[in-house]
Amino acid sequence: MAEGGEVSQDPVMEDSQEKQTEIEPVEAKIDEASTNDTSNGEKEVTEEPQEEFKPSTDKEDQGEKEAEPVTDTPANEPTGEEPGLEPATNNTGDESTTNDDPTANKDNVPMTANDGSTANNTDGANVDELTAANDDPTAANDGPTPVNDGPTPANDGPTPVNDGPTPANDGPTPANDGPTPANDGPTPANDGPTPANDGPTPANDGPTPVNDGPTPANDGPTPANDGPTPANGGPTPANDGPTAVDEEGEEQSELEQQLKEPNSNKGTKQNKEEEEEPSTDKPNEPSPPPPPPEEKEKQSEEKPSDGVVVLPPAPPPTASKSSDENPAIPGEGEVEDDKNEEGGMIEIMELPLEKLKVSEDEEKSLLETAVPGQTFDTPTPLSNQPLSLTWSYGFNHNVPVHNISTDDKKMIFYTCSHTGIIYDCKRHRQFLLQGHGHPITCTAVSGDRRWLATADVGADPLIIIWDSYSGIPVRTFYNNLGQGVVGVAMSQDARYLATIGCQIPQVVSVWDWTNERETPVQSVTLNPDYGIQTYITFSHNDSSLLASNSDDQVIFYKWTAKGLSVCTTPVSDRDFNKSVGLLSQTVFLPDGSNHWALTGTSEGCAVVWETSGLYHNQEMRPLSELRLEKKKPVRLMKLHDYPVTAITTINHDPCRCIVTGDSIGHVKFFDKNLKLLYWYTDLCTGPIASVSFAYSIKLMTSSSITSLSGYPNQSLLADGVKLVIPDFTISTSVSSIIHLSTNGRIRDVILEDHDSTVSALSAHPSQPLLLVGSYSRKLKLWNYSTKKVVMSRQLSDQLLVQCMSYDPRGECVGIGFTGGEVLVVDSVTLHDVSEIFHYSKDTVTLLTFSNDSRYMAIADLDHTVTLYVSSNTPKGRRWSFLARHKAHYKKIEAILFGVFPDSGEPRLFSLGSDRKLVEYDLCNSSEDNLQLLSIDRIEQTATPTSITWCPPLSVESFVITANDEYKIKLYNSTTKMCRKTLLGPTFGSPIRKMIVLPKGADTTQETVIDDRRYLVYITNDKVGLLILPHDGNPYNSICLTAHPEQISDVAVAYDGSCVFTAGGKDCVVNQWNINTDSLEAHSLLGGEGLLPFYALIEGGREGEFFGQLEEYFYYAQLRTQGTDCMKTRVASASIAIEQIPYVMRAIGYYPSEHEIDNMLNEVKFSQYVDKGGIVTEIDLGQFIQLYINHRPVFGLLPLDITQSFKTLGKRRGKEKNCSIERTKLLQLLQEKGEHFTESELVDYLMTLVSTGHYLESEADGDVALDPAKLLQQIPEFVTAKDFVEEMLGLTATHNS
């Protein structure tokens, strides 16, 4: 191995990309007498007597005075002892206990540090218990909800709401034809048996939805039943139509009614059955948010007795209507957990979408029938698009990775640039969520892992809600987003979103995405003094509570229907007399009381916040009237020895805990009292960016846990007590994703990729291999058929990859680096096959090989071309330096190898921003002497951007160039004459690179067109496909956004089946499948013949412009025949090519003499090769094509002329605009650009600015111009406005 670095074989080449290693359990021994340092930097836990910490009060009687905690006691909080820490309990899921007395502090257990010992309070005092019990438990309901007073109408539609009292029925209810079936099985529907009402179903023709609230009062006559009245499995579904009327006669929105209804079934029959028949465990779904405080009393009266309610997957999230005046606002109450038969806590999580129904005649949607992992259960259909994204390599490590696994599915969600990825780890498949036009900056996931939220930043930002089961976007927000969103959170029940805007001042908004409201429910504009808020989160137990933080300040929020209140909480070192560092993330503790929150810091600490005083016993008013009092932090706890980079919580049984990650890859688990439970220190991952846990129903129900042998022991409890937590996924800032199975401690490396700019791509010329290089000094070789890594290599320091290319034989790869180095490595093993060359003085930007693999040419930022040559030796091929030449004075845009048509010898071109096409004489070049064959200026004003060989569609040999004026040109490779100018793709930015697809591309194509080839191109941010030969028809090309920021490189598969694009700073490589049949169909949709070109002229074929063009054609014929001709006029459909410039000027296009020569040569030699003659005439259709292809895409803009005057002129005195002195302007017109003779200039000026009284009559009757009077009509100092309006006689328009 030479200096290049180490090479490693990736084991995922065999069967899987995942690396599996077993992690040795790291458990603290609590039976030792002292704490010893371990090799990994952690400490074993010892159980030493700790002095209990009691809050500082007036009644303290201690031998030594303890440090007073830094805290502010709210004025409305009762005096006495501060709520302390709850003792650690053996919470294994069998039973949960709560402390009913918030002031009790019994059996204090000492706080332990991150290594198992007691955690130290950095201000000098021991730490008391942080969590008080919930002092406001929800009272059990006194009994079931009363049944309706009358028979329930047939459930053929929504229950009508009448305005009057319910009169008695007009007649008796018809007798049932048979006994009413019991509710033990299917409940008979109106027209037939209906299945038992086990959960909410939106369709009326299916199971009757469970109504979580009382049935609206029926104020009108009840329709007579047409048959036997079915037994109600629950209350009547919510009415989607008229607004219900409450007891006080006030109208309420439907969503508000739902919020006020208790969270359980009200049907008497169903409640009885639940008492008789034990419930079975089913997947939990998100629970609705707690009711407003004004409904607590009503809810406590109506709520039935405790029981287990297990709901099936939520109904589809199609939009429901909600009044903008009465948005659904969460209250201040708490969400109560229901208990299962064994005492374990089961959170009832039901998405608030039960009102979303379909008609009886409609089938159930995909959302209703979707199940976890459904997106991967069916084969992905072939796309009918010319280019379709099929795979993304890498991911955005700045956006969190979410574990959306269930008990039987192992899936994660992450982002690649502007695309969301749902990845099935077991089947190694991706499902792509496409819809954003800018890079995704933040994501969020619901508690049940079904609903995903993605947001971006850009000109037209979006927030999209996705169903992870089906992969369908269910809601999109377009408005009220400013320039985009930098932080997003989703409430635990998935009803609400919270966002942080990127504009200064920042706006924090709360959205209810389950209705049709397009504006936020509440929003607040933050003071810029609060810092740039980048992270936001909801409280797990109350959707009306939020927290966000910047680097030095935490903000707590409380929102209701009246407004959104803010509590600003800056943090400084003076609060603790210790260094706090920068803040990372904030979470609410999983204690069920919302009284405590934690914020991680860069000093390895956690700032503890006591938040109960911020929200309780305060009247909420709009922000303009009330700001919550500033609250100082309570404690500063030392959790890690390194910066805390991620912090999250597990909020469900059997183990509610806090999870932290630091900058060296350690992950630690703490209970709610910040006592260390367990830690991982041997993950070897790098800085932790996010930690996310699977959604496991089995672990939430203790009866489903069959074996605990694989789980680790908790470090602070007795031997045998297991830490039962779900599997989790961590992502790091070095672009790795690792999955850890807690039952067995299996570490799976899901993804390891580039964490810095991906700058170079190259595809193998004969195998399905793709080599990727980046600024992270890493080379990765992928098999793009299997999507597996074949080989990877970490290069030496300072070798940042800038460009690379396979040689045509596929034996080696040339790599250019940012420091000017060049290295040749083996194409498969990535071993060095040459020394590191360093002949370039600046970054190597381009590298390519000759067709016979003999030469390798590079270009650098020093505008120099360097040539290397290979020779065969007994030890193999040997590369050596040949020569270099600096033929350009601006950046080299492209280098191109080819062959001479007659001899087959290699030839080399370079194309620069200086508009020069340089050909090198390889045959006569020698060591240190690179000869030039020709230098040709190929552009007059445009800047060339790319060059490639035109496929041999004719006898002539052409090269294709693209420029920054959206033109594609064909040049004869021998004479360098421009033979054709064509309108190129106009998709936002000019073409930057072009590659011709290999012949026989797209093997799925049914009919191969022999005279058709295809060209792949990239712009700044898009990838496109173009049909060759091109004629300027815009329908012959398509373009898609590949990477919103910038595409750094492009490569094409050896068989032309797919194209690869590298996104540079987004660290992502995208693979696009090619379907040329679809591109041909797209071309036909634009019309045949001249129809596409007619559409490009103003008014089309029937417009005024086309009529004027026909008239100009006849005028041109008159000019050809002579105006004084007395012969019979003969009108034809064509004109002489000499008349082309005059007609072009007549219709408003003023080409330069160089452009006129190109147009005439293009028409004159268009049939020279095929027919051997020169064309002398052009018809109207050909003229329209010529005009469309040659005219400027954007016309002449006033800004262009203004910029020219800024360059050539100067400001005079206090004038704002630059001007050019009259004499100098006339001199520039004669000497610069296309030269004017003095007589030509006088003629043109006379035409533009002179009138008859400036002419003098001579003796012979001729007229002559008086130069002095002509010059008087030109201002002494000419500005851009004077030149355009007075000299040229033009008027700037809004469109120009």
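None of the values given here were measured: they were computed from a predicted structure.
- Environment of CZ in R877: crowded, with over 12 heavy atoms of neighbouring residues, nucleotides or ligands closer than 6.0 Å.
- Under the 3.5 Å distance criterion, the side-chain polar atoms of Y971 are matched with a main-chain donor or acceptor of I938.
- Looking only at atom types and distance, the side chain of D921 has a donor-acceptor partner in the side chain of N924 under 3.5 Å away.
- In this structure, V801 and M804 approach most closely via the heavy-atom pair CG1-CE, 3.7 Å.
- L1079 and Y1014 make their closest contact through CD2-CD2, 3.9 Å (heavy atoms, listed as atom of the first residue, atom of the second, distance).
- When the shell of 6.0 Å around NZ of K980 is examined, it contains 12 or fewer heavy atoms from other residues, nucleotides or ligands.
- Looking only at atom types and distance, the side chain of D456 has no donor-acceptor partner in the side chain of T441 under 3.5 Å away.
- Residues K993 and D1049 are paired through a salt bridge, judged by an N-O separation under 4.0 Å between the basic side chain and the carboxylate.
- Side-chain polar atoms of E1045 and H438 form no donor-acceptor pair below 3.5 angstrom.
- The six-membered or imidazole ring of F837 lies near that of Y868, with a centre-to-centre distance under 6.0 Å.
- Considering every non-hydrogen atom in both V1052 and L997, the closest pair reads CG1-CD2, 3.4 Å.
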- Item | Stepwise ring-ring contact (aromatic ring centres under 6.0 Å, His included) test for F909 and F897 | CA-CA 6 Å; F909 296 91; F897 271 106; 9.7 Å; no
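- In this model, no donor atom of one side chain and acceptor atom of the other lie less than 3.5 Å apart for T945 and E893.
- For the side chain to side chain donor-acceptor pair (under 3.5 Å) test with T941, the passing option among E1155, E965, H1154 is E965; the others fail.
- Salt bridge annotation for E956-R979: present, with a cationic side-chain nitrogen under 4.0 angstrom from a carboxylate oxygen.
- No donor-acceptor contact under 3.5 angstrom links the side chains of H397 and S733, judged on distance only.
- Scanning all heavy atoms of the two residues, the minimum distance from V833 to C812 falls at CG2-CB, 4.5 Å.
- Side chains of H831 and D826: no donor on one and acceptor on the other come within 3.5 Å.
- No more than 12 heavy atoms of other residues, nucleotides or ligands lie within 6.0 Å of NZ in K1065, so this atom counts as exposed by the packing criterion.
- For the pairing with D860, the salt bridge (charged side-chain N to carboxylate O under 4.0 Å, His left out) check across R884, K891, K886 returns one residue only, R884.
- A donor-acceptor pair shorter than 3.5 Å can be found between the side chains of Q1071 and Y393.
- Annotation for E1234: atom CD counts as buried by contact number, over 12 foreign heavy atoms lying within 6.0 Å.
- Looking at R777 and D797, a side-chain N of the basic residue comes within less than 4.0 Å of a carboxylate O on the acidic one, giving a salt bridge.
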- Task: Start with the C-alpha distance between S756 and S776, add both sets of side-chain angles, then the distance that settles side chain to side chain donor-acceptor pair (under 3.5 Å), and finish with yes or no.
- Result: CA-CA 5 Å; S756 189; S776 57; 5.8 Å; no
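- A cation-pi geometry, defined here as NZ or CZ lying under 6.0 Å from the six-membered ring centre and within 45° of its normal, holds between R907 and F900.
- Look at D936 and R915 and you find no salt bridge, because none of the NZ, NE, NH1 or NH2 atoms lies under 4.0 Å from a carboxylate O.
- To the nearest 0.5 angstrom, L800 atom CG is 12.5 Å from I815 atom CD1.
- Side chain to side chain, Q940 and S1152 meet the donor-acceptor criterion of an N or O pair below 3.5 Å.
- Side-chain contact annotation: H1043 with T1061, donor-acceptor N/O pair under 3.5 Å present.
- Between the side chains of D1066 and N396, no donor-acceptor pair is found at a separation under 3.5 Å.
- If you check the side chains of Q802 and Y775, you find a donor sitting under 3.5 Å from an acceptor.
- Sparse packing is recorded around NZ of K1210, with 12 or fewer heavy atoms of other residues, nucleotides or ligands lying under 6.0 Å away.
- Side-chain contact check for Q931 and N929: at least one donor-acceptor pair (N or O, by modelled atom type) lies under 3.5 Å.
- Neither side chain, T864 nor H885, offers a donor N or O lying under 3.5 Å from an acceptor on the other.
- A donor-acceptor contact closer than 3.5 angstrom links the side chains of S910 and Y920.
- A parallel orientation is assigned to the rings of Y839 and F881, their planes being inclined by less than 30° (bins at 30° and 60°).
- Under a 4.0 Å N-O distance rule, the pair R992/D1021 does not qualify as a salt bridge.
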